[in-house]
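Note on naming: letters A, B, ... go to the chains in the order of the sequence lines (proteins, then strands), and numbering restarts at 1 for each one. Note that the structure is predicted; figures quoted are calculated from it, not measured.
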2 protein chains.
Amino acid sequence: MSTQRPLADDLGFLLSRASGVVARSVSEALAPLDLRVRSYSVLTFACEETAGMTQRRLAAIMALDPSQIVALVDELQSRGLVHRTPDPADRRNKIISATDVGHRVAQDAQQRIDRAYNGHFDHVPPERLDELRLLLREIAFSDTSSGEPQAQARDA
Amino acid sequence: MSTQRPLADDLGFLLSRASGVVARSVSEALAPLDLRVRSYSVLTFACEETAGMTQRRLAAIMALDPSQIVALVDELQSRGLVHRTPDPADRRNKIISATDVGHRVAQDAQQRIDRAYNGHFDHVPPERLDELRLLLREIAFSDTSSGEPQAQARDA
DNA sequence: AACTACCATTGAGATTGTCAATAATTGAAG
DNA sequence: CTTCAATTATTGACAATCTCAATGGTAGTT
């Protein structure tokens, strides 16, 4: 009566394995820029959003503890890649925005990552990648506990 | 000229986020059994495979450093969930096999995990989940550097 | 017997995850 | 205006994880 489905078919296991493989290769791709995956994520989010990207929102979107964001922003700020500005409307919020250098570094980083992705995703046709993206988004944000990507019909 | 594709559409980011969300909920589901995700994986692999599952193979399949397997097996063994038997053919290899208790605990764990998965995957129809599994397998094992799941046509 | 290669193991050091406590700020209630 | 609860960023402690180098035991080869 034991289901005993092989773990190699388990979605959680596969997700973890795939995520790990990709993250490792991204990590190598970013090493020359002295960036790690997390730093890159924060930097990139700081590049987007002309609106105010607070640390709290960063934590929510990245599904990280707010205290981890502090350290990440600290390092990026000390390297002159992002600004940390208190929100005039609510001075509890610190708004994270990329500097000019930050934008350039982020762009460089993204190109390196794209190159790294080739080794992983170029086997599979774009339509399937779109499908994958869709599914992952559903799973990653199904709880709605965090970042906004849920109902994606807006103005864009 | 900046591509500046939003990070929320990035496959690496989505993989990490989705993996994290699922892992967290699995972790909670296993807490009552005093198991974490990694321990469960080792235990489950020890349940499969009447053949010899060595620690080296565990490390390869789970994409972990061999030294981490040691600690995981140590704990499972101390709790009487797995055996660590030197391979008679090559005594360098330690074959990891689940005890009777181990099998029962693994089964219990799997049921709890399945229940936890309902919250994540029941939205999406089975065919799409199969497609997802397929894609993840390709990505997770594309390098062939590790565990065998590549050419899946065997005897089963 | 000497040598090379492999496996499990140990240990150190960095990175990350988790959680509680605190100061500053805000908004609302009295 | 004062008090109170809630929220944000921050700090610090501790556990868990990753990464890497070194070691002892074993196997196969020459």
Side-chain angles (χ1 to χ4, degrees), chain A residues 16-17 19-28 30-31 34-42 45-46 52-78 82-97 145-146, chain B residues 16-17 19-28 30-31 34-42 45-46 52-78 82-97 145-146:
Chain A
S16 165
R17 181 61 147 84
S19 166
V21 167
V22 173
R24 184 181 306 253
S25 106
V26 169
S27 185
E28 291 172 10
L30 292 182
D34 263 304
L35 281 176
R36 40 188 106 262
V37 190
R38 292 285 164 77
S39 319
Y40 166 75
S41 294
V42 170
F45 279 123
M53 174 60 81
T54 72
Q55 299 188 191
R56 208 74 185 186
R57 282 186 58 206
L58 277 174
I61 295 181
M62 299 177 60
L64 253 48
D65 191 275
S67 60
Q68 298 193 58
I69 306 291
V70 175
L72 291 170
V73 173
D74 276 352
E75 204 230 338
L76 291 177
Q77 187 182 28
S78 77
V82 303
H83 282 310
R84 189 179 344 219
T85 318
D87 182 357
D90 184 343
R91 302 220 311 286
R92 286 173 299 186
N93 293 327
K94 309 285 180 66
I95 295 178
I96 310 303
S97 55
S145 75
S146 347
Chain B
S16 164
R17 181 62 145 82
S19 167
V21 166
V22 174
R24 185 183 307 254
S25 110
V26 168
S27 185
E28 291 172 11
L30 292 182
D34 263 305
L35 281 176
R36 38 188 108 264
V37 189
R38 291 285 165 77
S39 320
Y40 167 75
S41 294
V42 170
F45 278 123
M53 175 61 81
T54 70
Q55 300 188 190
R56 208 72 186 186
R57 280 185 59 205
L58 277 175
I61 295 181
M62 299 176 63
L64 253 50
D65 191 275
S67 60
Q68 297 192 60
I69 306 292
V70 175
L72 291 169
V73 172
D74 276 351
E75 203 229 340
L76 291 176
Q77 188 182 26
S78 78
V82 303
H83 282 309
R84 191 179 343 218
T85 320
D87 182 356
D90 184 342
R91 302 222 310 286
R92 287 173 300 185
N93 292 328
K94 309 286 181 63
I95 295 177
I96 309 304
S97 55
S145 76
S146 347

Asker: Could you go step by step and tell me if B:Gln68 and B:Met62 meet the side chain to side chain contact (heavy atoms under 4.5 Å, CB included) rule?
Answerer: CA-CA 10 Å; B:Gln68 297 192 60; B:Met62 299 176 63; over 6 Å; no
Asker: Below 4.0 Å from chain A heavy atoms, what is the first contacting nucleotide of DNA chain D and what is the last?
Answerer: D:dA6 to D:dT19
Asker: Just so I know, are the side chains of B:Arg38 and B:Val42 near enough to count as touching, which here means a heavy-atom distance under 4.5 Å?
Answerer: no
Asker: How long is the span from the OG1 atom in B:Thr85 to the NZ atom in B:Lys94, to the nearest 0.5 Å?
Answerer: 10.0 Å
Asker: Measuring from A:Gln55:CD to A:Leu72:CG, what's the distance to the nearest 0.5 Å?
Answerer: 9.5 Å
Asker: Please give, in whole Å, the distance from C:dG27 C1' to A:Arg91 CZ?
Answerer: 15 Å
Asker: Under a 3.5 Å distance rule, please check whether A:Arg57 uses its side chain to pair with a backbone N or O of A:Gly52 as donor and acceptor.
Answerer: yes
Asker: Which parts of nucleotides 3-15 of chain C does protein reach within less than 4.0 Å, heavy atoms only, written one letter per nucleotide 5' to 3' as B for base, S for sugar-phosphate only and - for none?
Answerer: --BBSBBBB---S
Asker: With rounding to the nearest 0.5 Å, note down the distance linking CG in B:Leu58 to CG in B:Leu64.
Answerer: 9.5 Å
Asker: For B:Asp65, enumerate each residue passing the salt bridge (Lys or Arg N to Asp or Glu O under 4.0 Å) test, keeping only those at least two apart in sequence or located in another chain.
Answerer: none
Asker: Do B:Ile96 and B:Arg84 make a side-chain contact, defined as non-hydrogen atoms from C-beta onward lying under 4.5 Å apart?
Answerer: yes
